[in-house]
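Input: a single structure, listed below in structure tokens.
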Amino acid sequence: WSKPIDSKDVSFPEDILKNMTDIQMADSYLERFGYKMILHKSGRQGAVSNSKALKRLQTQLGLEETGELDQPTIDAMKKPRCGVPDVRN
Amino acid sequence: YKTFDGDLKWDHNDVTYRILNYSPDLDVSTIDDAFARAFKVWSDVTPLTFRRLYDGTADIMISFGKKDHGDFYPFDGKDGLLAHAYPPGEGVQGDAHFDDDEYWTLGKGPAIKTYFGNADGALCNFPFRFEGKSYSSCTTEGREDGLPWCATTADYDKDKKYGFCPSELLYTFDGNADGEACVFPFEFEGKTYTSCTTDGRDDGYRWCATTSSFDKDKKYGFCPNRDTAVIGGNSEGEPCQFPFIFLEKSYTSCTSEGRSDGKLWCATTSNYDKDQKWGFCPDKGYSLFLVAAHEFGHALGLDHSNIQDALMYPMYKYIADFSLHQDDIEGIQYLYGPKKGPKPTPPKPSTTTSSPVSTGKPNKKTPQTTPSTASTTTPSVYTPVDPSVDPCTVDKFDAITEIQGELHFFKDGYYWTSSNRGNKEHKGPFMVSERWPGLPAKLDTAFEDPLTKQMYFFAGTQFWEFTGKDVRGPRSIEKLGLPGSLKKVEGSLQRGKGKVLLFSGENYWRLNLKTQKIDKGYPYHIDNKFGGVPVDAHDVFLYNGHYFFCREIYYWRMTSKYQVDRVGYIYELLNCP
């Protein structure tokens, strides 16, 4: 019988992808691709709530608009993609 | 679909592009081809044409880079962000950047194009059998010079088809050494190197000197990745080392242990705990063609679409038989309008990379059992046309060429002539055998030497030279210095000073008519000079100072400055009613 390996996360040198929590990852994703900022009529930029940002993302990606960080949204965020922001302010 | 604010677009339709550097993952011709096909996706549905520049500033500057690569948008290592591009405009606008920490392929795993050998540049076939053993990567078994090779069919022992795999011992790319192979050992800043190194660079690219001393000669090139090389990490380009120790346990294959993202990795020395050298194991990779087609959409003015099946959807998805989604077509045609002229043919599948390379062998030993280099040509079966047949109904001529100011159209032993002078009605059919006795009915190309007025005809692997009715030949095209594996010469362009370009497949060679030898340095890919014409043209000829590239019933006319200025029907040239 083989002995199970005790898994242990390691920080690999030069590895940019850090061991982030899903919430941290979502925060960074929403910001990077433009979902967290909104342009007001006055021309000033402002941040929107995570829930609003998530809804914008879910609309853009054709996902169910729950406004929550559900599994389909997390999966979509982890997919390889183009670096051009989805929302431009 | 969505466009950028203000509907940013190019104010001209002849868009230029330049490839600034290459990725070590794929060979240069595969990358050139992927980009050319990606542009074709858009030129097929718009009036846009794309011309490649080799120096100066192009509208779309294409480059590979890693992490911080010169703009404010760094890449993020393997996976995650794959590429980005800027909307049309001056400076960095319009440019496309590709993350070279990705594993660039054609989307279906290692696409290892071979060099030399006897397989005409075919891809490796994994797994293959050699002396009873199965190989799923390139091997140096059977050789004493360390050159990795692979079979291009499933069984080398049976088929004897092979080629050499990319390695620094075969060639380098970019740099200043014209693709020369690495020389080991070499000296750099007084230190001796026996393998490619990233020393002296901060971008992580592996390089080598192509003479024994970089310090003295300053000659260098970048090392292509071997198929067994790891991607990213801190050992890009090095092979996995099995077994290796990780957290005091021994591993004999790639593992995802230690990672929360599940990606497979390996150590590149025997002990990770001690050396901390590692990289990701090769996977299917990302299709450079698909990613480039998406990025070029941005470079032309399209923003991300929210239609999941559209090319401009922001997430990557591999599609084997790609065709542009209606949403993308509507988007790009909103900016540039629809294509005028003949209807486009569907784009080729994204996996075609079979352009032949020059065959032969490096000056080193072949695998233990020397493969045969003999090639066979199966004669083509054809049905002769009825001489009463109207040439205006012929859908594909065998050859077209200008002889003494008149265009000649050849088909199955007959020919017709047309001229844009005097009575413009076409004449014929005439019997080829009456004017040029001894020629086969099926010709591939023909041309007149403008200096001597001698006629040259090519059919299959043979050619004939006519002075009036006096014939010399047939002789083998191999005598001219063309590769023995070449099945036919499909087109020809007279270049003055006794030179003629001969076209076959996606490549062309320059023939010196005086010495009757191909000039050194050839072949070149058609895109090298003739951007914007079909790379699968079955006839190429010179007429009235223009270059004509034909596919089926269509022609692409190119000026002497290499700009496509007209696409039309062959029937126009025949002066059909």
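Just so it is clear: chains get the letters A, B, ... in the order the sequence lines come, proteins before strands, and each one is counted from 1.
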Is Leu20(B) atom CG crowded by more than 12 heavy atoms from other residues, nucleotides or ligands, each under 6.0 Å away?
->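 Counting other residues, nucleotides and ligands, CG of Leu20(B) exceeds 12 neighbours.
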Hey, what's the ring geometry for Phe64(B) with Phe35(B), parallel, tilted or perpendicular (30° and 60° as the breaks)?
->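 Ring orientation of Phe64(B) relative to Phe35(B): tilted.
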Return the orientation label for the Phe242(B) and Phe244(B) ring planes: parallel under 30°, perpendicular over 60°, tilted otherwise.
->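 The rings of Phe242(B) and Phe244(B) sit tilted, inter-plane angle from 30° to 60°.
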Engaged part of [X] at the chain A interface, taking heavy atoms whose separation is under 4.5 Å:
X: Lys2(B); result: side chain
X: Gln308(B); result: side chain
X: Tyr316(B); result: both
X: Phe4(B); result: side chain
X: Pro74(B); result: backbone
X: Asp303(B); result: side chain
X: Glu102(B); result: neither

Derivation and outcome, disulfide bond (SG atoms under 2.5 Å apart), residues Cys254(B) and Cys240(B) | CA-CA 8 Å; Cys254(B) 296; Cys240(B) 290; 4.2 Å; no
Sorted by number, residues from residues 67-83 of chain A in contact with chain B (heavy atoms, under 4.5 Å) =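 Only Ala76(A), Lys79(A), Pro80(A), Arg81(A), Cys82(A), Gly83(A) of residues 67-83 of chain A have a heavy atom under 4.5 Å from chain B.
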Testing [options] one by one against [X] for a side chain to side chain contact (heavy atoms under 4.5 Å, CB included), which residue passes?
X: Phe296(B); options: Ile62(B), Val41(B), Val15(B); answer: Ile62(B)
X: Tyr103(B); options: Leu26(B), Asn225(B), Val230(B), Asp283(B); answer: Asp283(B)
X: Tyr286(B); options: Thr105(B), Leu106(B), Asp99(B), Asp79(B); answer: Asp79(B)

Return yes if a side-chain donor-acceptor contact under 3.5 Å exists between Ser23(B) and Asp100(B), otherwise no.
->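 Judged by distance alone, the side chains do pair up.
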Contacts of type side chain to side chain contact (heavy atoms under 4.5 Å, CB included), residue Ser49(A), not counting sequence neighbours |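 Result, side chain to side chain contact (heavy atoms under 4.5 Å, CB included) vs Ser49(A): Ser51(A), Lys52(A).
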